[in-house]
Chemist: 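Got a structure here, written out as C-alpha cells. Questions coming.
Only this structure's heavy atoms are used, side chains among them; waters, hydrogens and symmetry mates stay out. For the single chain, residues carry numbers from 1 onward in sequence order. All figures in this text were calculated on a predicted structure; none of them were measured in a lab.
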Amino acid sequence: NKLTSQGEPAEGWNGKYKDKPCPQDVYVYKVYATFRDGTVWRNNDVGEKKGLDNSNNGTITLIR
C-alpha cells in the first residue's frame with residue numbers, strides 16, 4: 001500500500017477482498033504491523049497521539 005510522506009495511507013480501500021467485491025456490511029478490523037527491522041507494533045508506542053483515540057481496532061461500513 002502507498003503511504004504519504006507523513007506515513008498516512010495515500011489511497012483508500014476499494015471494497016474488494018482477493019479481487020472480489022465484498023458485500024455491503026459493517027466490517028471489524030484489528031491492526032498490528034511488523035516493520036522492516038522486525039519490530040512489531042501493537043499500538044503501544046509513545047508517539048504524539050493528541051486528538052487520537054488509543055485503539056488499534058474499529059469498524060468500516062461498506063456501502064454500495
Side-chain angles (χ1 to χ4, degrees):
N1 296 345
K2 297 178 182 177
L3 299 176
T4 67
S5 60
Q6 291 81 31
E8 299 168 342
E11 52 192 30
W13 177 44
N14 65 3
K16 294 182 179 181
Y17 177 68
K18 294 185 178 181
D19 289 324
K20 293 183 181 179
C22 295
Q24 180 171 301
D25 208 340
V26 176
Y27 293 85
V28 176
Y29 67 87
K30 188 163 186 94
V31 178
Y32 296 100
T34 303
F35 296 99
R36 290 181 182 169
D37 67 1
T39 58
V40 177
W41 176 83
R42 290 186 175 88
N43 196 35
N44 57 358
D45 66 16
V46 293
E48 178 63 48
K49 294 183 181 182
K50 218 180 236 189
L52 299 176
D53 68 12
N54 207 14
S55 66
N56 62 341
N57 57 59
T59 61
I60 296 173
T61 303
L62 179 60
I63 301 171
R64 297 221 174 261

Chemist: If you count every heavy atom of other residues, nucleotides or ligands that lies below 6.0 Å from Asp37 atom CG, does the total exceed 12?
Modeler: yes
Chemist: Calculate, to the nearest 0.5 Å, the distance between atoms CG and CD belonging to Leu3 and Glu11 respectively.
Modeler: 9.0 Å
Chemist: Over all heavy atoms of both residues, which pair between Thr59 and Tyr29 is shortest? Give the atoms and the distance, please.
Modeler: N-CE2, 3.5 Å
Chemist: Supply the atom-to-atom distance Tyr27 OH to Tyr17 OH, rounded to the nearest 0.5 angstrom.
Modeler: 11.5 Å
Chemist: Taking Arg64 for its side chain and Pro21 for its backbone only, find out whether a donor-acceptor pair lies under 3.5 Å.
Modeler: no
Chemist: Output the distance between atom CG (Asn14) and atom NZ (Lys16), rounded to the nearest 0.5 Å.
Modeler: 5.5 Å
Chemist: Check whether any side-chain heavy atom of Thr61 lies under 4.5 Å from a side-chain heavy atom of Val26, and answer yes or no.
Modeler: yes
